[in-house]
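Chain identifiers are assigned alphabetically (A, B, ...) following the order of the sequence lines, protein sequences preceding nucleic acid strands; residue numbering begins at 1 within each chain. Bear in mind the structure is a predicted one, so any value in this text is a computation, not a measurement.
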There are 2 protein chains.
Amino acid sequence: MRDVSEKAGLSLITVSRALRQPETVQPDTRDKVMRAIDEIGYVPNLMARSLVSNRSNMIGVVVPILTSSLFADFAQGVAGVLQRHNIQMLLGVSQRSTLQEEEAVRTFIARQADAIIVTGFTHTDTCRKMLAGFHGPIVETWNLSDKAIDLSVGYNNFAAAADMTRYLLGKGYREIAMVGGAFENNDQATDRRDGFLSAMAEAGRKVRPEFILSVPNPTTIQSGADLMMRLLDGPVRPDAVFFQAELPAQGAMMACLSRGIRIPEDVAIAGFGDLSLSALLPVPMTTVRIRAQDMGERAANLVLGRLAGKASSNAGQDIGYDLKIRKSA
Amino acid sequence: MRDVSEKAGLSLITVSRALRQPETVQPDTRDKVMRAIDEIGYVPNLMARSLVSNRSNMIGVVVPILTSSLFADFAQGVAGVLQRHNIQMLLGVSQRSTLQEEEAVRTFIARQADAIIVTGFTHTDTCRKMLAGFHGPIVETWNLSDKAIDLSVGYNNFAAAADMTRYLLGKGYREIAMVGGAFENNDQATDRRDGFLSAMAEAGRKVRPEFILSVPNPTTIQSGADLMMRLLDGPVRPDAVFFQAELPAQGAMMACLSRGIRIPEDVAIAGFGDLSLSALLPVPMTTVRIRAQDMGERAANLVLGRLAGKASSNAGQDIGYDLKIRKSA
DNA sequence: TAGCCAATGATATACGAATGTCATTGGCGG
DNA sequence: CCGCCAATGACATTCGTATATCATTGGCTA
């Protein structure tokens, strides 16, 4: 900035004013400053500015994973809204580990992020403590809960899984197996499992313990295929399998088709998440559609509103879900 | 930090030393400091630290898009490596606009990023000028070029498209159409187109002008389906269509199948990018596989090496590509 | 021509930490 | 008991910018 002021033949203070309170300097002085700025290629140091203003214009976001998942849509939704407001997104990938989430949150706080957006309601104790001491808005996403730390934007995983289960039951499937991701430290996964169990109980159906399964994280097509093979070779064969993640469901479908097992006649398959390709599979996937990008945009807007001083009219937003009934179940 | 020193009954300076040069303070003093730190929940302000040290430990990354694309894999690759080194990723989404890329780069520079990773070699003039004045490592990715600004990690789009085209020609297809994304400001897309044209010319095949097509950005399943419909209804029907993006290829496949057009007997389809589901489609997609996550990891490692002072042994890295010959062509 | 106001300049301070230069303290050995 | 050294403290300065306060300048109006 000093260089700019010299180049323009003005005092340092005038340059600062031209940038921060343009109305207090003459238009032609402003022009001189601007010309000097782009002759020199001066870019103000936002860190120094933040140090004084106590506002970093950065927002931290933690997602469990990005590859072939709706979390990429979510992140893009957040980034899009933030960019329009000249706010930078700090992105952390937790690999579904609450410890890595904690680490990401710690970094966000250390870097003076103005707000923090995390996935889910499950956090380590230290992470909770840090968030409690954090002074900006906090958004928990991808689920709903009455014990939110602050704001939340998500959908009801329990109800979504229960609805899909009821649909399957209504179609006459009786021996329904369920495959989740790893359940530990994942409220979304456990809520879906509980939703499934609840709907089964409500219909008076017992669930075989060996029909409650999970695939390791990160969930992959392959793990779904492998698990399906084992299920098909087991003593009792399910007539429907409800996958609570989309990739394993797709893998399972591939496994069945390659063994000549018909879907949904021999075994029905339902997924969760509705990746863009699910409708294009050999047997279009019956699944639960989640509008992830919309969720990201809402989370970002909620944060921006709060930062702009608006009282949050809607601290817990439910974005809902849709059952996409296609051919696989 | 002042609070910590009071809590621990030590001077501010000792706390600072305990954190930055632990060997200069007694172990038990260090412990006192540490205990005070987590009783208070003190988190050092990295912005202030950066201001002095002239190192932000942040690296800016621009991708064109995240949703259902390999760029999500790429971003995850970068993020993973950086997190292990306590470096924060700043992510910008350019929506394939060089202007938005410029804006993202400007922000990265203003925020004192230590390095910048961008997609492709096409940038606005101001963006180029800013990058030229930037003092840290710069990586251009997703393509190769001999006019790289600094470092690069990518693959040869021209050669990849040419190879696939040669494969199609070898299979006996003659009337081959090509569908790219929008070509303006996208060196990857134009290189692929040129690779296609070059291979066709080399085989002595003329390409009908109406067989050089493009779908608007962002590329979608739907746009591929629509375009395929128009192609099929045109005066001359191609016997193969080479899509240079994966989603439109998948949409095109869906459009064909729903109209009872057989793939590859009536028309062959080839894609580019190999999303994880491409192998699972009704007709598994013949496509070009790009190891995006690996590319991200390499880019990140290249940058880290440079920042650590290593001379870049390998300023332009070629990660290659694989033709994935499946059923659709 | 006195007086006023707008535009600009000068100076100091703050933000939170890093760091260099000395000064002080306490413990130990000789 | 003196002197030395290690550990700790005090103080000042720096990073790049914002901002509050006060001083100066010049042009315009009454």
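For the pair B:Ile13 CD1 and D:dA7 C1', the computed distance is 13 Å after rounding to whole Å. Following rounding to the nearest Å, A:Leu12 (CG) and D:dT19 (P) show an atom-to-atom distance of 14 Å. Remark: P of D:dG16 and CD1 of B:Ile109 are 16 Å apart, rounded to the nearest angstrom. Between A:Arg17 atom CZ and D:dA18 atom C1' there is a gap of 11 Å when expressed in whole angstrom units.
Residue-level contact check: A:Leu10 touches the backbone only, with heavy atoms under 4.0 Å from sugar-phosphate atoms and none from bases.
Taking a 4.0 Å limit (strictly below) on heavy-atom distances, residues 21-33 of chain B reaches DNA chain D at B:Val25, B:Gln26, B:Thr29.
Comment: B:Asp294 engages B:Arg298 in a salt bridge, judged by a side-chain N to carboxylate O separation of less than 4.0 angstrom. Between B:Arg306 and B:Asp150 a salt bridge is recorded (basic side-chain N to carboxylate O distance below 4.0 Å).
Of the two residues contacting DNA chain C, namely A:Gly9 and B:Leu19, the nearest-nucleotide position lying further toward the 5' end is that of A:Gly9.
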Starting from the C-alpha separation in whole Å, work towards a yes-or-no answer on side-chain contact (heavy atoms from CB on, under 4.5 Å) for A:Met1 and A:Leu12. CA-CA 7 Å; A:Met1 199 153 100; A:Leu12 203 151; 3.7 Å; yes
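Other residues, nucleotides and ligands contribute over 12 non-hydrogen atoms within 6.0 Å of the CG atom of B:Asp28. Residue B:Arg291 places its CZ atom among 12 or fewer non-hydrogen atoms of other residues, nucleotides or ligands, all under 6.0 Å distant.
Here the options are B:Asn157, B:Asn143, B:Asn186, the test is side chain to side chain donor-acceptor pair (under 3.5 Å), and the partner is B:Asp191; only B:Asn143 passes.
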Please table the atom pairs, donor to acceptor, closer than 3.5 Å between any side-chain atom in residues 126-138 of chain A and protein atoms at least two apart or in another chain.
from, atom 1, to, atom 2, distance (Å)
A:Thr126, OG1, A:Glu102, OE1, 2.9
A:Thr126, OG1, A:Glu102, OE2, 3.4
A:Arg128, NH2, A:Phe121, O, 2.8

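Looking only at atom types and distance, the side chain of A:Thr122 has a donor-acceptor partner in the side chain of A:Asp187 under 3.5 Å away.
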Polar atom pairs (N or O), protein with nucleotides 13-17 of chain C, under 3.5 Å:
from, atom 1, to, atom 2, distance (Å)
C:dG16, N2, B:Ala48, O, 3.3
C:dA17, OP1, B:Tyr42, OH, 2.9
C:dA17, OP1, B:Asn45, N, 3.1

